[in-house]
> 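Below: one structure in C-alpha coordinates.
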Amino acid sequence: TSIYFMTGQLAGNAGASAPFVLIAASLVCLSLALTIKEFSKYISSSGSFYAFVSMGLGKEMGFVCGWLMICGYSIITVETLLQIGCYVSDIISRNFPDVIVHWGYPVILFGGLVALMAWIGVNPALKLSLILSVFESIIILGLCIAIVVKSGSDGNYPLAFTPFTPNHGGMR
(Lines give C-alpha, C1' and ligand atoms only; values in the text may rest on other atoms or scores of the structure.)
Protein backbone atom coordinates (compact mmCIF):
# COMPACT_ATOMS: atom_id res chain seq x y z
CA THR A 1 0.00 0.00 0.00
CA SER A 2 2.86 2.36 0.63
CA ILE A 3 3.88 2.34 -3.03
CA TYR A 4 0.30 3.06 -4.00
CA PHE A 5 -0.12 5.96 -1.59
CA MET A 6 3.37 7.41 -2.00
CA THR A 7 3.55 7.55 -5.81
CA GLY A 8 2.71 11.27 -5.91
CA GLN A 9 5.45 12.14 -3.43
CA LEU A 10 7.85 9.84 -5.24
CA ALA A 11 7.17 11.54 -8.57
CA GLY A 12 7.48 14.96 -6.95
CA ASN A 13 10.85 14.18 -5.38
CA ALA A 14 12.42 11.87 -7.94
CA GLY A 15 11.05 13.61 -11.01
CA ALA A 16 11.75 11.76 -14.23
CA SER A 17 13.87 9.23 -12.32
CA ALA A 18 10.80 7.75 -10.60
CA PRO A 19 10.97 4.50 -12.64
CA PHE A 20 14.64 4.09 -11.68
CA VAL A 21 13.81 4.68 -8.01
CA LEU A 22 11.02 2.07 -8.13
CA ILE A 23 13.33 -0.47 -9.76
CA ALA A 24 16.08 0.22 -7.21
CA ALA A 25 13.59 -0.11 -4.32
CA SER A 26 12.28 -3.36 -5.79
CA LEU A 27 15.81 -4.77 -5.91
CA VAL A 28 16.37 -3.82 -2.27
CA CYS A 29 13.10 -5.55 -1.27
CA LEU A 30 14.06 -8.60 -3.33
CA SER A 31 17.44 -8.85 -1.61
CA LEU A 32 15.75 -8.66 1.81
CA ALA A 33 13.25 -11.36 0.80
CA LEU A 34 16.05 -13.63 -0.43
CA THR A 35 17.94 -13.12 2.84
CA ILE A 36 14.87 -14.10 4.85
CA LYS A 37 14.38 -17.12 2.61
CA GLU A 38 17.96 -18.26 3.19
CA PHE A 39 17.68 -17.74 6.97
CA SER A 40 14.44 -19.75 6.94
CA LYS A 41 16.22 -22.73 5.40
CA TYR A 42 18.40 -23.07 8.49
CA ILE A 43 16.14 -21.72 11.23
CA SER A 44 12.55 -22.81 10.74
CA SER A 45 10.36 -20.97 13.21
CA SER A 46 7.20 -18.92 13.10
CA GLY A 47 9.10 -16.30 15.11
CA SER A 48 10.96 -15.15 12.00
CA PHE A 49 13.20 -12.22 12.96
CA TYR A 50 13.01 -13.05 16.67
CA ALA A 51 14.34 -16.54 15.94
CA PHE A 52 17.03 -15.27 13.56
CA VAL A 53 18.30 -12.64 16.00
CA SER A 54 18.08 -14.97 19.01
CA MET A 55 20.19 -17.59 17.27
CA GLY A 56 22.75 -15.06 16.10
CA LEU A 57 22.96 -12.49 18.89
CA GLY A 58 21.34 -14.14 21.91
CA LYS A 59 17.94 -14.25 23.56
CA GLU A 60 18.16 -10.72 24.99
CA MET A 61 18.63 -9.18 21.56
CA GLY A 62 15.92 -11.48 20.20
CA PHE A 63 13.58 -10.14 22.88
CA VAL A 64 14.40 -6.55 21.87
CA CYS A 65 13.93 -7.43 18.20
CA GLY A 66 10.55 -9.01 18.95
CA TRP A 67 9.32 -5.91 20.75
CA LEU A 68 10.63 -3.66 17.98
CA MET A 69 8.71 -5.78 15.45
CA ILE A 70 5.51 -5.52 17.52
CA CYS A 71 5.92 -1.73 17.75
CA GLY A 72 6.80 -1.44 14.07
CA TYR A 73 3.86 -3.50 12.88
CA SER A 74 1.52 -1.56 15.17
CA ILE A 75 2.73 1.75 13.76
CA ILE A 76 2.51 0.50 10.17
CA THR A 77 -1.03 -0.78 10.75
CA VAL A 78 -2.23 2.53 12.14
CA GLU A 79 -0.38 4.52 9.47
CA THR A 80 -1.85 2.43 6.66
CA LEU A 81 -5.38 2.73 8.05
CA LEU A 82 -4.96 6.51 8.35
CA GLN A 83 -3.66 6.74 4.77
CA ILE A 84 -6.61 4.71 3.50
CA GLY A 85 -9.05 6.84 5.50
CA CYS A 86 -7.65 10.11 4.21
CA TYR A 87 -7.39 8.78 0.65
CA VAL A 88 -10.96 7.47 0.54
CA SER A 89 -12.28 10.67 2.11
CA ASP A 90 -10.38 12.75 -0.45
CA ILE A 91 -11.55 10.65 -3.41
CA ILE A 92 -15.18 10.91 -2.31
CA SER A 93 -15.00 14.66 -1.74
CA ARG A 94 -13.31 15.27 -5.12
CA ASN A 95 -15.79 13.18 -7.08
CA PHE A 96 -18.89 14.12 -5.09
CA PRO A 97 -18.39 17.72 -3.87
CA ASP A 98 -21.68 17.73 -1.95
CA VAL A 99 -20.74 14.64 0.06
CA ILE A 100 -18.36 15.10 2.97
CA VAL A 101 -16.99 11.93 4.56
CA HIS A 102 -14.79 12.34 7.61
CA TRP A 103 -11.57 10.34 7.30
CA GLY A 104 -12.44 8.44 10.48
CA TYR A 105 -15.34 6.55 8.90
CA PRO A 106 -13.21 4.75 6.27
CA VAL A 107 -10.63 4.02 9.00
CA ILE A 108 -13.34 2.34 11.10
CA LEU A 109 -14.70 0.48 8.05
CA PHE A 110 -11.34 -0.85 6.86
CA GLY A 111 -10.15 -1.53 10.41
CA GLY A 112 -13.33 -3.54 10.93
CA LEU A 113 -12.70 -5.48 7.72
CA VAL A 114 -9.16 -6.31 8.86
CA ALA A 115 -10.47 -7.41 12.27
CA LEU A 116 -13.17 -9.51 10.57
CA MET A 117 -10.59 -11.25 8.39
CA ALA A 118 -8.47 -11.94 11.48
CA TRP A 119 -11.51 -13.37 13.25
CA ILE A 120 -12.49 -15.58 10.28
CA GLY A 121 -9.05 -17.17 10.24
CA VAL A 122 -5.75 -17.28 8.43
CA ASN A 123 -6.68 -19.55 5.50
CA PRO A 124 -9.70 -17.57 4.18
CA ALA A 125 -7.86 -14.30 4.78
CA LEU A 126 -4.82 -15.57 2.91
CA LYS A 127 -6.95 -16.80 0.00
CA LEU A 128 -8.70 -13.42 -0.23
CA SER A 129 -5.36 -11.62 0.00
CA LEU A 130 -3.88 -13.71 -2.81
CA ILE A 131 -6.93 -13.22 -5.03
CA LEU A 132 -6.87 -9.45 -4.47
CA SER A 133 -3.10 -9.36 -5.08
CA VAL A 134 -3.53 -11.10 -8.44
CA PHE A 135 -6.25 -8.62 -9.46
CA GLU A 136 -4.10 -5.72 -8.25
CA SER A 137 -1.12 -6.96 -10.25
CA ILE A 138 -3.24 -7.38 -13.39
CA ILE A 139 -4.66 -3.86 -13.03
CA ILE A 140 -1.22 -2.31 -12.44
CA LEU A 141 0.27 -4.22 -15.39
CA GLY A 142 -2.61 -3.09 -17.61
CA LEU A 143 -2.17 0.53 -16.55
CA CYS A 144 1.59 0.36 -17.14
CA ILE A 145 1.07 -1.03 -20.63
CA ALA A 146 -1.58 1.62 -21.37
CA ILE A 147 0.75 4.39 -20.20
CA VAL A 148 3.64 3.14 -22.34
CA VAL A 149 1.42 2.68 -25.39
CA LYS A 150 -0.46 6.00 -25.04
CA SER A 151 2.59 8.11 -24.29
CA GLY A 152 4.10 7.43 -27.69
CA SER A 153 7.66 8.32 -28.57
CA ASP A 154 7.54 11.53 -26.49
CA GLY A 155 6.80 9.65 -23.28
CA ASN A 156 9.24 6.76 -23.67
CA TYR A 157 12.81 7.79 -23.11
CA PRO A 158 15.74 6.08 -21.42
CA LEU A 159 16.38 9.08 -19.15
CA ALA A 160 13.64 7.75 -16.86
CA PHE A 161 15.91 4.84 -15.93
CA THR A 162 18.91 6.92 -14.90
CA PRO A 163 19.57 8.11 -11.35
CA PHE A 164 20.32 11.68 -12.45
CA THR A 165 17.88 13.80 -14.40
CA PRO A 166 18.02 17.42 -15.51
CA ASN A 167 14.65 18.10 -13.81
CA HIS A 168 14.02 18.55 -10.14
CA GLY A 169 14.41 15.59 -7.82
CA GLY A 170 16.44 12.51 -8.52
CA MET A 171 19.39 11.22 -6.54
CA ARG A 172 21.96 13.88 -5.69
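Quick caveat, the model's predicted, so the values are computed rather than measured.
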> Answer yes if Leu32 and Phe39 sit in the same cluster of Ile, Leu, Val, Met, Phe, Trp and Tyr residues linked by side chain heavy atoms under 4.5 Å apart, and no otherwise.
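Yes.
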> Are Leu57 and Met55 connected into the same hydrophobic cluster when the rule is that any two of I, L, V, M, F, W, Y join if their side-chain heavy atoms are below 4.5 Å apart?
no
> Considering non-hydrogen atoms only, spot the tightest contact between Ala51 and Ile43 and give its length.
CB-CG2, 3.9 Å
> Are the side chains of Leu113 and Met117 in touch, meaning some heavy atoms are under 4.5 Å apart?
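No, too far: nothing below the 4.5 Å cut-off.
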> Restricting to non-hydrogen atoms, name the atom on Gly62 and the atom on Val53 that form the minimum distance, rounded to 0.1 Å.
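Closest approach of Gly62 to Val53, heavy atoms only: N-CG1, 3.7 Å.
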> To the nearest 0.5 angstrom, please state how far the CD1 atom of Ile140 sits from the CD1 atom of Ile145.
12.5 Å
> Working to the nearest 0.5 angstrom, can you tell me the gap between Ile108 CD1 and Trp103 CH2?
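The distance works out to 8.5 Å.
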> Honestly curious: do Leu128 and Leu116 fall in one hydrophobic cluster under the side-chain, below-4.5 Å linking rule?
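Result: yes, single cluster for both.
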> Measure the spacing between CG of Leu30 and NZ of Lys37 and express it to the nearest 0.5 Å.
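Here the rounded value is 10.0 Å.
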> Measure the CE-OG distance between Met61 and Ser54 for me, rounded to the nearest 0.5 Å.
10.0 Å
> So Val88 and Phe110, do their side chains get closer than 4.5 Å, heavy atoms only?
yes
> Would Ile75 end up clustered with Val64 when hydrophobic side chains under 4.5 Å apart are linked, directly or stepwise?
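Each belongs to a different hydrophobic cluster.
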> What is the minimum heavy-atom distance between Val99 and Ile92, and which atoms define it?
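What the structure gives for the nearest pair is CG1-CG2, 3.9 Å.
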> Provide the closest heavy-atom pair for Ser31 versus Thr35 in the form atom of the first, atom of the second, distance.
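For Ser31 versus Thr35, the nearest heavy atoms are O-OG1, 2.8 Å.
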> May I ask you to decide if Ile36's main-chain N or O and Ser40's side chain share a donor-acceptor pair within less than 3.5 Å?
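Answer holds: yes.
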> Do the non-hydrogen side-chain atoms of Cys65 and Phe52 ever get within less than 4.5 Å of each other?
no
> Within a radius of less than 6.0 Å around CD1 of Ile100, do more than 12 heavy atoms belonging to other residues, nucleotides or ligands occur?
no
> Rounded to the nearest 0.5 Å, how far does CD1 of Ile84 lie from CG of Leu109?
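Separation between the atoms: 10.0 Å.
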> Report yes if some heavy atom in the side chain of Phe96 is under 4.5 Å from a heavy atom in the side chain of Val101; otherwise report no.
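SC-SC contact between Phe96 and Val101 ruled out.
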> Find the distance between OG (Ser89) and CZ (Arg94) and round it off to the nearest 0.5 Å.
10.5 Å
> Using a 3.5 Å distance criterion without hydrogens, assess whether the side chain of Asp90 forms a donor-acceptor pair with backbone atoms of Cys86.
no
